[in-house]
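Note sheet for the following structure.
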Amino acid sequence: MRIFGPVPSRRLGQSLGVNNVRPKTCSYSCIYCQLGRTENLQLEREKFYQTDQVLKEVEQELIELDKKGEKVDYFTFVADGEPTLDSNLGKTIKAINKFGVKTAVITNASLITDKQVREELKKADWVSLKCDAVREKTWKKINRPHGKLKLSEIHQSMKKLSQEYEGELVTETMLVKGVNDNRGDLERNAEFIAQLDAFKSYVSVPTRPPAEDYVETPTPQKINMAVQIYKERNIKTEYLIGYEGNKFSSTGDIKKDMLNITAVHPLKEEAVKELLKKCDGKWSQIEELIEKGLIVETEFNEAKYYLRNK
Ligand code: SF4
C-alpha cells in the first residue's frame, strides 16, 4: 500500500495518490504504460489492502502535510495497475470521504461491465475512463487487453455509466504514433466519445518512458488533427500538453520520496533536483538508490527520467 504525493496533476491540482493494488496488476498491458509491461494480467477483483489501513495511512499523511501548510485537492486512486481490481474500492472511497477531500479514480474502464464496479465508481467525484481505440484491432494493439475482455461490452457499460453518473466524467485518449493517430481510428473514437457527453475529453501523448521502445509521440499535425476531429463532434476536448511541473511534495526523506513517487510517476531530472533541495539532500543519495538497483535512470524524448525498479 502506498500513499504518495501530493503530486501536481494536470487535471486535478495537488493530488494525493492512493495506490491500491499489487504492483503491476492490470487487465491491460498498454504499450505506452509508464510502469512497464503488466506482470499480473488479471480480471478477478481482490482485496489487496484493508480499508482501515488506507485510512490510517491517509490520515498520517494529512497530518504531516498540515504541519507543512500543504493542501490536497483530490485523493486520486491511481494505482500501480488498474484501481478497480481492488474489491475494497467502493468501501474505501466511502470511508475516505470523512476527510472532506474530493475523490478521483483513473480507470482503464475494462471492468465496468460489472455492475458492482459501476456502483463503486459512482461514489467518486471524478472518474476518468480510458478510450484509446474503438476499433478492435487497434484496441488489441495499443492496450493489449486480457483475452476474456470484450470491447463491445465495455463500450455499452461506458455509455451506461455516463448516463447514471452524477460526478465529473472525463475520458482520456493516449495517442501513439502509427498506432491510433490515423484519421479512421480518430473518427471512430470521436463518434463513440461524443455519445458519452463527457465533462471533458483529454487527448494526451506519451511524455514518460513507455513499456515498449517502439512507442513514439505523434507529430504535432496528427495531434492537432485528433483534437480537431474530436471538436467537430462537439466534444469538450483538451490537449494535455507538457510536463506537470516539479512541485512534488516532500516528506523530507529523499529516499522515501523517490521510492514512493517513482513507483507510479517517473520523475524528470529537474523534479529530482527540486526534491533534493527540499530534503537538503545530495545527488549521491540518488546514485546510491541507482547502485542498489532500487531506481533506474532512463531517457525519453532527450530528457532523463528516474523510475522505481521493482
Ligand atoms: S496504462 Fe494503465 S491500463 Fe494501461 S497497462 Fe498501464 S496501468 Fe494498465
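In this text, all values refer to a predicted model and were calculated from it rather than measured experimentally. Whatever order the structure lists them in is the order used to number ligands and atoms, beginning at 1.
Remark: K122 does not engage E166 in a salt bridge, criterion side-chain N to carboxylate O under 4.0 Å. With respect to the salt-bridge test (charged N to carboxylate O, under 4.0 angstrom), the residues K140 and E136 qualify.
Ring pair Y28/W139 is perpendicular by interplanar angle, where above 60° counts as perpendicular and below 30° as parallel.
Screening residues 184-197 for salt bridge (charged side-chain N to carboxylate O under 4.0 Å, His left out), with sequence neighbours left out, gives R135-D185, R183-E187, E191-R233.
With rounding to the nearest 0.5 Å, the separation of NZ in K200 from CH2 in W126 is 10.5 Å.
Residue K130 places a heavy atom under 4.0 Å from ligand 1.
The distance cut-off of 2.8 Å around atom 8 (Fe) of ligand 1 captures these protein N, O or S atoms, sorted by chain and number: C26 SG.
With contacts defined as side-chain heavy-atom distances shorter than 4.5 Å, the pair K159/L196 qualifies.
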